[in-house]
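As structure tokens, the structure follows; a few thoughts come after it.
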Amino acid sequence: MESRIFIISLRPMKLFLVLFIAAISLSACEGVSDVIIQPYQEKIVIHGFLSAGDTVRNIEIVRLRDFSGDTTIAIPDARVVINDGMRDYQLTLQPIHQSRLSLLAGRTFYQAPGLIAKAGQTYKLTVGWRDKKAEATTRVPEPLLPDSVSFAPSPDNNFLVVKAWLRPRSKEAYILYQTHRLKPPMKDSLRLEVEEVGPSEIIQQQQSDGNTPQLLSSFLLTLGETARFREIYTRHEQFSSTAVLHAFDSAIWDYVTMRNNRRSGASDSFISQSSSAIRGNVKGDGIGLFIGVATSRTPFKKK
């Protein structure tokens with residue numbers, strides 16, 4: 001029942017995007033032993049999300065280097081432009097928050113402070129560096145509310161299971177999270193709120209008419225040393241609990257499903273140059289992911 005993809009919950013949304021990007025970035029370095037025999041080609045590497053209603057930021061731009069040391073290094077002088085179909089917006093380097101230094105060490109993130117990503121809008125990202133050019137296009141979905149949400153312990157009492165019935169739309173993919181925070185919130189050493197999070201797997205529309213509800217379930221381990229809050233269900237009135245549904249541009253589906261299908265020994269890397277390489281939706285002299293996402297939140301209560 002554990003998730004097959006490595007996605008960390010959002011709280012707040014901007015932190016989720018940074019952590020998600022970090023997880024995908026790490027996956028780009030897996031399978032190095034499979035690809036070092038390939039001829040080296042310097043590439044622009046792009047990882048970023050456009051979140052409906054949020055300022056455009058945390059667009060990571062690095063470059064792929066040879067395997068003598070770190071696999072990626074910063075590009076602080078990239079020319080980064082995003083177009084919303086009406087005008088171009090120039091992206092600039094953003095400062096690194098003190099609490100994220102360990103996550104962002106050696107990386108560069110770009111932002112467009114005056115641009116808010118809009119649901120239903122298509123955006124094109126263009127990155128230039130030296131003589132190289134990379135492009136990616138994505139659509140930001142509309143938020144999707146589940147038809148219903150319920151939660152209960154698993155039969156063995158080891159998991160808290162949240163079930164959401166939803167009607168997926170075409171050309172989108174979905175991931176469900178359950179999040180639980182104490183009331184009042186507990187904070188860690190960085191003064192960030194402590195939260196328990198359980199993810200689901202990723203799904204797409206299974207019925208072409210889009211009218212048939214599909215079940216998506218998330219699982220939170222409530223047994224063992226890693227479970228900070230072991231009695232969420234029995235003490236639910238002491239928690240703020242929410243079902244968080246992320247709707248992604250379907251370009252992420254191809255990456256996640258290919259990555260999962262290739263875990264049994266094949267190279268699991270953007271870097272591989274075989275015809276079946278996992279390269280994301282970045283074209284030209286680049287690789288990586290540039291994905292639109294919209295989020296809905298449904299508070300739920302114990303029945």
Subject >> Heavy-atom side-chain contact between Q90 and D88 under 4.5 Å >> reply: no
Subject >> Spacing of L91 atom CG and F109 atom CZ [to the nearest 0.5 Å] >> reply: 13.0 Å
**OP:** Could you check whether the rings of F151 and H236 sit parallel, tilted or perpendicular, using 30° and 60° as the cut-offs?
**Re:** tilted
Subject >> Check: Q204 main-chain N/O paired with Q214 side-chain donor or acceptor under 3.5 Å >> reply: yes
**OP:** Output, in order, the C-alpha distance, side-chain angles, deciding distance and verdict of side chain to side chain contact (heavy atoms under 4.5 Å, CB included) for H180 and L160.
**Re:** CA-CA 11 Å; H180 307 272; L160 187 59; 3.6 Å; yes
**OP:** Would you mind reporting whether R169 and P141 have side-chain heavy atoms less than 4.5 Å apart?
**Re:** yes
Original post:
Where is the tightest heavy-atom contact between E142 and A119, given as atom of each residue plus distance?
Top reply: OE1-CB, 3.4 Å
Subject >> P199 to Y177 - nearest heavy-atom pair and separation >> reply: CB-CE2, 3.4 Å
Original post:
Ignoring hydrogens and geometry, is there a side-chain-to-backbone donor-acceptor pair from R63 to K43 under 3.5 Å?
Top reply: no
**OP:** Would you please test L289 and V282 for side chain to side chain contact (heavy atoms under 4.5 Å, CB included) and show each step?
**Re:** CA-CA 6 Å; L289 288 171; V282 178; 6.0 Å; no
Subject >> CG on L220 to CD on E196, rounded to 0.5 Å >> reply: 5.5 Å
Subject >> Side-chain touch I46/E60, heavy atoms, less than 4.5 angstrom >> reply: no
Original post:
Taking 4.0 angstrom as the limit, do E195 and R181 come out as a salt bridge?
Top reply: yes
Subject >> CD1 on I61 to NE2 on H47, rounded to 0.5 Å >> reply: 10.0 Å
**OP:** Rounded to the nearest 0.5 Å, what's the gap from CD1 on I232 to CD on Q238? Could you check?
**Re:** 11.5 Å
Original post:
Is there a donor-acceptor pair closer than 3.5 Å between any side-chain N or O of E135 and the backbone N or O of T126?
Top reply: no
Original post:
Below 4.0 angstrom, N of the basic side chain to O of the carboxylate: do K187 and E193 qualify?
Top reply: no
**OP:** Kindly give the heavy-atom pair with the smallest separation between S154 and V161, and that separation in Å.
**Re:** CB-CG2, 4.0 Å
Original post:
Among the clusters formed by ILVMFWY side chains lying less than 4.5 Å apart, do V81 and I75 turn up in the same one?
Top reply: no
Subject >> Side-chain heavy-atom pair I82, L115 within 4.5 angstrom cut-off >> reply: yes
**OP:** Test the R87-Y89 pair against the cation-pi criterion, namely NZ or CZ under 6.0 angstrom from the six-membered ring centroid and within 45° of the ring axis.
**Re:** yes
**OP:** Specify the closest pair of heavy atoms between I252 and A173, including all atoms of both residues, with the distance to one decimal.
**Re:** CG2-CB, 4.2 Å
**OP:** Nearest 0.5 Å please: distance from the CZ atom of F49 over to the NE2 atom of H246.
**Re:** 10.0 Å
**OP:** Indicate, with yes or no, if Y233 and M186 share a hydrophobic cluster defined by side-chain heavy-atom contacts under 4.5 Å among Ile, Leu, Val, Met, Phe, Trp and Tyr.
**Re:** yes
Subject >> Min side-chain heavy-atom separation S217-V162 under 4.5 Å >> reply: no
Subject >> Partners passing side chain to side chain contact (heavy atoms under 4.5 Å, CB included) against N157 (at least two apart in sequence or in another chain) >> reply: P153
**OP:** Evaluate the side chain to side chain contact (heavy atoms under 4.5 Å, CB included) criterion for residues L50 and F290: first the C-alpha distance (whole Å), next the side-chain angles of each, then the deciding distance (0.1 Å), finally the verdict.
**Re:** CA-CA 8 Å; L50 296 184; F290 177 66; 3.5 Å; yes
**OP:** Check for a donor-acceptor pair, side chain of D285 on one end and backbone N or O of K133 on the other, with a separation under 3.5 Å.
**Re:** yes
Original post:
Under 3.5 Å, is there a donor-acceptor pair between the side chain of D54 and the main chain of A117?
Top reply: no
Original post:
For K132, does the NZ atom have more than 12 heavy-atom neighbours from other residues, nucleotides or ligands under 6.0 Å away?
Top reply: yes
Original post:
Under the 3.5 angstrom rule, does the side chain of Y123 hit a backbone N or O of I291 as a donor-acceptor pair?
Top reply: no
Subject >> Derivation of the side chain to side chain contact (heavy atoms under 4.5 Å, CB included) call for T92 and Q111 >> reply: CA-CA 5 Å; T92 58; Q111 62 181 353; 4.2 Å; yes
Original post:
Do the non-hydrogen side-chain atoms of N158 and T222 ever get within less than 4.5 Å of each other?
Top reply: no
Original post:
What heavy-atom pair brings K118 and V140 nearest, and what distance separates the two atoms?
Top reply: O-CB, 3.4 Å
**OP:** Check the side chains of S218 and Q178 for a donor-acceptor pair under 3.5 angstrom, ignoring hydrogens and angles.
**Re:** yes
**OP:** Would you indicate whether the side-chain heavy atoms of V194 and R228 approach each other to under 4.5 Å?
**Re:** yes
Original post:
Where is the tightest heavy-atom contact between W253 and I202, given as atom of each residue plus distance?
Top reply: CZ3-O, 3.4 Å
Original post:
So how far is it from L166 CG to S296 OG, rounded to the nearest 0.5 Å?
Top reply: 9.0 Å
Original post:
Only one of T298, I175, L216 forms a side chain to side chain contact (heavy atoms under 4.5 Å, CB included) with L245, so which one is it?
Top reply: L216
**OP:** Please determine if K171 and D249 form a salt bridge, counting it only when a charged side-chain N lies under 4.0 Å from a carboxylate O.
**Re:** no
Subject >> Y174-E172 side chain donor-acceptor pair, cut-off 3.5 Å >> reply: yes
